[in-house]
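Read through the structure below, which is laid out as structure tokens, and then see the notes.
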2 protein chains.
Amino acid sequence: MSEIKIILVDDHQIVRDGIKALLSDSLNIKVIGEVKSAYELFDLLKTQIPDIVLLDVSLPTMSGIEVSKILSSDFPKIKKLMLSMYTSEDFIFNAIKSGVNGYLPKNITRNELLQAINEVSEGREYFSKTISDTILKSYLKSAKYGNNVSDDKLCKLTKRENEILLYVVEGLHNKDIAEKLYISIRTVETHKTNIMHKLNLNGTVDLVKFAIKNNIIEL
Amino acid sequence: MSEIKIILVDDHQIVRDGIKALLSDSLNIKVIGEVKSAYELFDLLKTQIPDIVLLDVSLPTMSGIEVSKILSSDFPKIKKLMLSMYTSEDFIFNAIKSGVNGYLPKNITRNELLQAINEVSEGREYFSKTISDTILKSYLKSAKYGNNVSDDKLCKLTKRENEILLYVVEGLHNKDIAEKLYISIRTVETHKTNIMHKLNLNGTVDLVKFAIKNNIIEL
DNA sequence: AATAATATACGTGTTTTACGTAGTTTTACA
DNA sequence: TGTAAAACTACGTAAAACACGTATATTATT
């Protein structure tokens with residue numbers, strides 16, 4: 001069994017340190033690098049090519065899912081293991097679509113992490129129980145009701161809609177947004193309505209949650 | 001220098017394992033226990049008394065801040081070091097009020113963690129840069145504008161208000177809430193208005209963020 | 001040149017929010 | 001036990017936001 005080379009991507013140093021410490025016990029796994037953002041990762045990849053990238057979903061500026069997409073197209077040989085606090089359908093769906101080889105919630109045990117790394121490094125996929133449950137549930141739902149749940153929602157929004165979404169979830173009122181963008185309140189309303197429809201959301205409350213889940217705003 | 005006994009409280013096993021691994025290198029620090037919830041902690045405290053409890057803010061059922069309060073009154077000798085993803089004023093304020101001896105964001109380095117533990121164990125307080133900056137900013141603001149920012153906001157809400165807040169941030173509309181509780185829509189509106197005023201919030205968007213920050217809802 | 005996508009905006013009716021007022025229960029405590 | 005404070009209930013009115021349909025000018029795309 002050859003050595004498995006890993007790069008960690010997580011913006012919390014303590015998490016990186018922690019995982020590193022965990023993995024240091026395993027003889028066949030070696031952390032060859034650790035970075036806290038997408039940019040640093042791509043920089044590092046110029047000199048170091050790992051077998052697996054351990055990716056946190058929530059990263060500053062560019063989300064783990066974006067990173068995964070780029071890795072899939074530019075470094076198809078590198079395996080991607082996603083690590084996330086969040087286990088919602090949207091996340092998992094988009095992660096899988098982005099080409100990850102595995103998805104783990106952050107409350108996994110050390111052994112599960114090791115197993116996931118080994119599975120993935122041997123070309124198989126690894127989704128922990130919580131995740132596969134969610135996938136199953138989603139699958140059943142879509143089979144029953146025929147709604148193909150999550151398309152790649154965010155990509156469906158236009159530039160303007162994204163811009164307005166941002167202002168909305170920052171707490172600005174329609175009037176403020178209208179003034180800021182020199183457009184009519186009615187236009188803002190229209191955009192908002194369209195956003196809601198495209199994202200299949202129910203109201204402001206869901207919109208805010210969506211924005212946080214998708215890293216559009218910080219708490 | 002005698003040995004510092006620590007209990008970890010965090011619902012993510014990987015974080016616990018990580019911190020444990022980190023601390024295992026330090027000769028004078030020993031993790032004598034690790035739990036994933038408040039209940040388990042209080043159970044453990046029947047047999048094991050640590051010098052420091054390393055507390056995550058976001059815990060299931062009972063928040064780290066609640067735990068800290070109870071520890072402060074029932075185990076005044078145990079030091080409390082709070083560890084959190086969130087660095088907002090509210091959190092810090094309530095944490096300090098609950099009696100913590102230090103507050104660390106989760107993106108600290110290993111060395112900072114060690115320093116914090118040592119400082120706290122010797123009876124001093126430790127707040128990392130990010131945190132003390134926030135405190136300073138808040139202090140300046142309140143000095144300038146005289147508004148004493150964060151009272152213990154959540155405690156100011158009545159039972160009914162909390163109940164309604166919960167429904168609101170789950171995405172229910174006023175009508176639904178009214179029906180659910182067998183009261184008039186106007187009453188729901190009144191409660192909502194009062195909640196906003198008490199919490200000093202600007203609109204639904206802020207309300208949702210507040211709820212997430214304060215662990216009232218999960219994402 | 002025809003078509004689709006985007007950004008703009010209005011009409012109408014419903015719902016929510018802001019702010020003030022106020023009656024009825026509960027709760028606290030002197 | 002009596003009374004004051006707090007909590008829960010609810011309405012009026014005006015402004016803002018939302019849902020849904022419709023519509024026009026501008027920009028790609030093909």
Side-chain angles (χ1 to χ4, degrees), chain A residues 147-148 150-214 216-217, chain B residues 73 145 147-148 150-214 216-217:
Chain A
N147 54 347
N148 77 0
S150 320
D151 286 282
D152 199 347
K153 290 174 174 175
L154 263 183
C155 295
K156 278 194 166 173
L157 294 187
T158 69
K159 225 185 287 177
R160 197 56 150 178
E161 283 165 350
N162 264 308
E163 194 178 3
I164 281 164
L165 172 57
L166 195 68
Y167 286 129
V168 171
V169 296
E170 296 230 331
L172 294 193
H173 297 278
N174 290 354
K175 209 181 101 188
D176 307 321
I177 300 174
E179 278 168 10
K180 204 155 202 154
L181 301 178
Y182 304 107
I183 57 179
S184 153
I185 291 186
R186 318 305 303 282
T187 308
V188 178
E189 286 172 2
T190 305
H191 283 306
K192 231 159 140 179
T193 305
N194 292 336
I195 292 168
M196 296 282 191
H197 281 147
K198 283 190 185 175
L199 301 182
N200 215 329
L201 298 175
N202 203 15
T204 314
V205 170
D206 287 342
L207 194 62
V208 176
K209 291 180 189 171
F210 176 87
I212 294 170
K213 273 196 263 189
N214 288 67
I216 294 170
I217 40 167
Chain B
S73 69
Y145 305 111
N147 55 344
N148 76 0
S150 322
D151 287 283
D152 199 348
K153 289 175 176 175
L154 263 183
C155 295
K156 278 194 166 173
L157 295 187
T158 68
K159 226 185 287 178
R160 197 56 152 178
E161 283 165 348
N162 264 308
E163 194 178 3
I164 280 162
L165 171 57
L166 195 66
Y167 287 128
V168 171
V169 296
E170 296 229 330
L172 293 193
H173 297 280
N174 290 354
K175 211 181 100 187
D176 308 321
I177 300 173
E179 280 168 10
K180 203 154 201 152
L181 301 178
Y182 305 106
I183 56 179
S184 152
I185 290 186
R186 318 304 305 279
T187 309
V188 178
E189 287 169 3
T190 305
H191 284 306
K192 230 158 139 179
T193 305
N194 292 336
I195 292 169
M196 296 281 191
H197 281 146
K198 283 190 183 174
L199 301 181
N200 215 329
L201 298 175
N202 202 17
T204 313
V205 171
D206 286 341
L207 192 61
V208 176
K209 291 180 189 171
F210 176 87
I212 294 171
K213 272 194 267 192
N214 287 68
I216 294 169
I217 39 166

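Numbered from 1 within each chain, the chains take letters A, B, ... in sequence-line order.
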Minimum heavy-atom separation for A/Val168 to B/Val205, with atom names?
O-CG2, 3.5 Å
Expected rows: protein N/O vs nucleotides 11-18 of chain C N/O, under 3.5 Å:
| from | atom 1 | to | atom 2 | distance (Å) |
| --- | --- | --- | --- | --- |
| C/dG11 | N7 | A/Arg186 | NH2 | 2.7 |
| C/dG11 | O6 | A/Arg186 | NH2 | 3.4 |
| C/dT12 | O4 | A/Arg186 | NH2 | 3.1 |
| C/dT16 | OP1 | B/Asn174 | N | 3.3 |
| C/dT17 | OP1 | B/Thr204 | OG1 | 2.9 |
| C/dT17 | OP2 | B/Lys192 | NZ | 2.7 |

Give me the atom names and distance for the closest heavy-atom approach of A/Thr204 to A/Met196.
N-CE, 3.8 Å
Atom-to-atom span, NE2 of A/His191 to P of C/dA5 - whole angstrom:
17 Å
Could I get the full list of side chain to side chain contact (heavy atoms under 4.5 Å, CB included) partners for A/Val169, not counting sequence neighbours?
A/Leu165, A/Leu207, A/Ala211, A/Ile216, A/Ile217
Under 4.0 Å from a heavy atom of chain B: give me the 5'-most and 3'-most nucleotides of DNA chain D that qualify.
D/dA7 to D/dT13
Taking only heavy atoms on the protein side, list every residue of residues 176-184 of chain A lying under 4.0 Å from any atom of DNA chain D, sorted numerically.
none
Work out how much the helix from C/dA1-D/dT30 to C/dA30-D/dT1 bends between its end axes, five pairs an end, to the nearest 10 degrees.
50°
Sequence neighbours excluded, which residues qualify as side chain to side chain contact (heavy atoms under 4.5 Å, CB included) partners of B/Thr187?
B/Ile183, B/Ser184, B/His191
Under 3.5 Å donor-acceptor, B/Glu161 side chain and B/Thr158 backbone
yes
Please identify each residue that fulfils side-chain hydrogen bond (donor to acceptor under 3.5 Å, both in side chains) with A/Glu163, with sequence neighbours left out.
A/Arg160
State which residues pass side-chain hydrogen bond (donor to acceptor under 3.5 Å, both in side chains) with A/Glu189; sequence neighbours excluded, sorted by chain then number.
A/Arg186
Say you draw a straight line from NZ of B/Lys209 to CG of B/Leu201; how long is it, rounded to the nearest 0.5 Å?
10.5 Å
Going by heavy atoms in the side chains, are A/Ile164 and A/Leu181 under 4.5 Å from each other?
yes
Interatomic distance, CD@B/Glu170 vs CG@A/Asn202, rounded to 0.5 Å, equals 12.5 Å
Between the protein and nucleotides 20-22 of chain C, are there any N/O to N/O pairs under 3.5 Å, and if so, what are the atom names and distances?
none

Sorted by chain and residue number, the side chain to side chain contact (heavy atoms under 4.5 Å, CB included) partners of B/Thr190 (sequence neighbours excluded) come out as B/Asn194
Under the salt bridge (Lys or Arg N to Asp or Glu O under 4.0 Å) rule, what pairs show up with a residue in residues 173-185 of chain B, not counting sequence neighbours?
none
So CG of B/Leu199 and CZ of B/Phe210: to nearest 0.5 Å the spacing works out to 4.5 Å
Could you state the interatomic distance from CG (B/Leu166) to CG (B/Asn162), rounded to the nearest 0.5 Å?
8.0 Å
Roughly how many Å is it from CG in A/Asn162 to C1' in C/dA7, rounded to a whole number?
14 Å
